Amino acid sequence: MKSGIFSSLLVLITCLIPGIAGNSQNAPSALKIWFNRPAESWNDALPVGNGRLGAMVFGGIEKERIQLNEETVWTGKPRWDANPDALKNLPKVRKLLFEGKYSEAEKLAQTGILGSFRRDNASSYQTLGDLTIDFGQIRGVTGYRRELDIEEAVARIVYSADQVNFTREVFSSKPDQSVVVRLSCDKTSALTFTVRLSRPGNKADIKVSGNEIVMKEHTGDGTGVKMEARLRVIADGGKTISGGDSVSVEKANSATLFLTAATDYYGNDPSLVSLEQIKSVISRNYPEIKKDHIDDYQSFFKRVSLDLGNGDGKYFTTDARINAMQNGYTDTDLIELYYQFGRYLLISSSRPGDLPANLQGIWADGLNPPWSADYHININIQMNYWPAEITNLGELQLPFVDFIDAMRPDARRTAREVYGMKGIVAHYTTDVWHYTEPLGEIVYGMWPMGIAWSCQNIWDHYQFGGDTDYLRYKAYPIMKEAAEFCLGWLVVDPKTGYLVSGPSISPENSFRIPGGDGNASMVMGPTMDHMIIRDLLQNTIAASTVLNTDKSFRQEMEKSLEKLTPIKTGSDGRILEWSEEFEEPEPGHRHLSHLYGLHPGNQITKQKNPELFEAARRTIEYRLAHGGGHTGWSRAWIINFYARLHDGEKAYENLLALIRKSTLYNLFDNHPPFQIDGNFGGTSGITEMLLQSHAGQVDLLPALPAAWKTGYIHGVMARGGFEVDIDWEHGKLKQAKITSKLGNPVILSYLGNTAELKTTEKGKSYLFNADLKNLNSN
Ligand code: FUC
């Protein structure tokens, strides 16, 4: 529990920071992001989404802007930009690297292996457009409040003007495949407004007829998808008038706006799809639509609850709370909200059958969002899915798995034509057109581990869910092809006799070339590649064993594993990032790739290799001492690392830093700019502080910081299919309940004490006390 000091401090902060106190007439709730003003910028607006269709709600009083997204609104088309000389140059580049001729090797790889790529020329995700609602002049507004209720997934704006109380609700419904905006007030005939659709660039074809506006565009000047948005305005009472580019409603009692949207990305006619969807949603009444939306959302959201102690933070607007945090205050409720917001974002941006969450989930403004809001596969998308399994949202990881699956034809071609190998390969990033060839500059582009890393997530889905059909028909075929590529890719290092990966990089980092010839990035044998490959081979061996298939391929994998370069440490006890101990021009680099084995992998654990465990700690400390963790996702990864090092205080310190330094007022992660991975990495990190299961046992409260004295986390998941409820008191475990979903055996561990259940019964719960004594089974 928080003490009275908390309240006094907040009172003090209230006096120090103008505008902190919110509207006291509304009941506070811990799980709301809220403001007493409309959004001043996109980074203040509130996101809603149904996995595919998203909206950012600004909450303007005279003019509401609702910026819209549909996840398949992409420019471009499938393409092939591979360097035709790559195959011939691969052995030459390898030879140069083995000889230590880094500059020459890079020159040759740049022109002779990588294809050309320019971000400003790349395909891009784009906004669908804007829905604006013009209310005319409104005077004397009181009681304004704009909130995102993350227990219901509804954005709400309330205010009073001229003795009328107005309410606006916005949500994006999965069951009804539409964005729904409900405008209401407590006086008859008090609602007058004009609605428009628009799109940046002014190239959209916008037609108004009756109470409908249809906006079409063939994106990218005819090079991308054909999109269509359709808006229907249904008013209760008053007059509805259409004209020019708008629909106006005069003196209505209430009104509902329905927005559907589609593209031809999957080969459908967007007009037919958006029409079908609009017909279907308008045939239903608002309370039903809203109820179905909330039920659908809560079927995911309610699976996990977190309590880190009670505080008064919820009485204050979210921007004020962030400011207070930045001024040194710790608002534990805000951490709970941040945690659940990560889950909210995943439920709202990643539903089975849809595309995975991109760099911005599904929420992106304009025609050229940062990095095209694409799918970076050298940390970002994997991080998006770190919270999926552990926070009991396992099925939301499937869009990522399907996406990697859909990359296979292109990835096979890249393996074959670029490298002359079997299997599948992809590099640092891709987009909805699934390109996989090595492109761009060496420092990011020469890295063939994108799919291999993704297989870690793909395998995890099986480890948590235990679905052997998924393993047999979906996961294993991808893992096997990724492993096939790696077996072909590894070569013997003439100096050590071990197998090495290369030419490759340690994502986006560089080193000083020995002898003073400037910087380079490319080597034979970056540590991260070996960690990823080791992981992939071990997991593919395990999968083929479970499925009882591919015995001889399994033996091949086993042989390669034995000869794979081991993890090495340098003269100062840190894990080596490259094959040799190079000087580092950027010692605080944001990527901590050579710690993949600590997290998300499991090669470095206290039990297995205490020296490497210690070396990992030194590696992080060094990075942090040199300014590391300066981007949102980098900081979020560090929380996960410290949790895995069982260092609750450091994990907590970095969690506070994530919120203080890398979080926008609407709680979006700030790279900068907004990038959603840090939100997901943050939610994963908090879970990892309280529960881990990567080391062959279920670790309870492995990194509980002193600040979280009493609390609970219920409903989180452990590998082997266990749903776990943990309660703690005075900084110590009080009790843990383990519900076995699959009937597997389990070892529980808390502060060095362990308890084993050699068998469990499917569906049964087991209660343990602070000494891990099995109290009862019910
Ligand atoms: C990776 C990172 C950058 C950024 C980009 C989208 O390449 O190195 O920091 O997050 O992805």
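Fair warning: this is a prediction, and the values are worked out from it, not measured in the lab. Worth knowing before you read on, the calculation uses all heavy atoms, side chains too, and leaves out hydrogens, waters and symmetry mates. In each ligand, atom 1 is the first atom listed, and ligand 1 is the first ligand listed.
For Arg534 and Asp529, the salt-bridge test fails: no basic side-chain N is under 4.0 Å from an acidic carboxylate O. Salt bridge absent: Glu395 and Arg351 never bring a charged side-chain N and a carboxylate O closer than 4.0 Å. Salt-bridge formation is detected for the pair Asp365/Arg65: a Lys NZ or Arg NE/NH1/NH2 atom is positioned less than 4.0 Å from an Asp or Glu carboxylate oxygen.
Geometrically, Arg94 engages Trp489 in a cation-pi contact, judged by NZ or CZ lying under 6.0 Å from the ring centre and within 45° of the ring axis.
There is no side-chain donor-acceptor pair under 3.5 Å between Asp677 and Trp633.
Applying the salt bridge (charged side-chain N to carboxylate O under 4.0 Å, His left out) test to every pair with at least one member in residues 621-639, sequence neighbours left out, gives these pairs: Glu577-Arg623, Glu584-Arg623.
For ligand 1, the protein residues placed under 4.0 Å by at least one non-hydrogen atom are Leu359, Trp371, His376, Asn378, Asn380, Glu508, Arg590, His591, Trp633, His671, Gln675.
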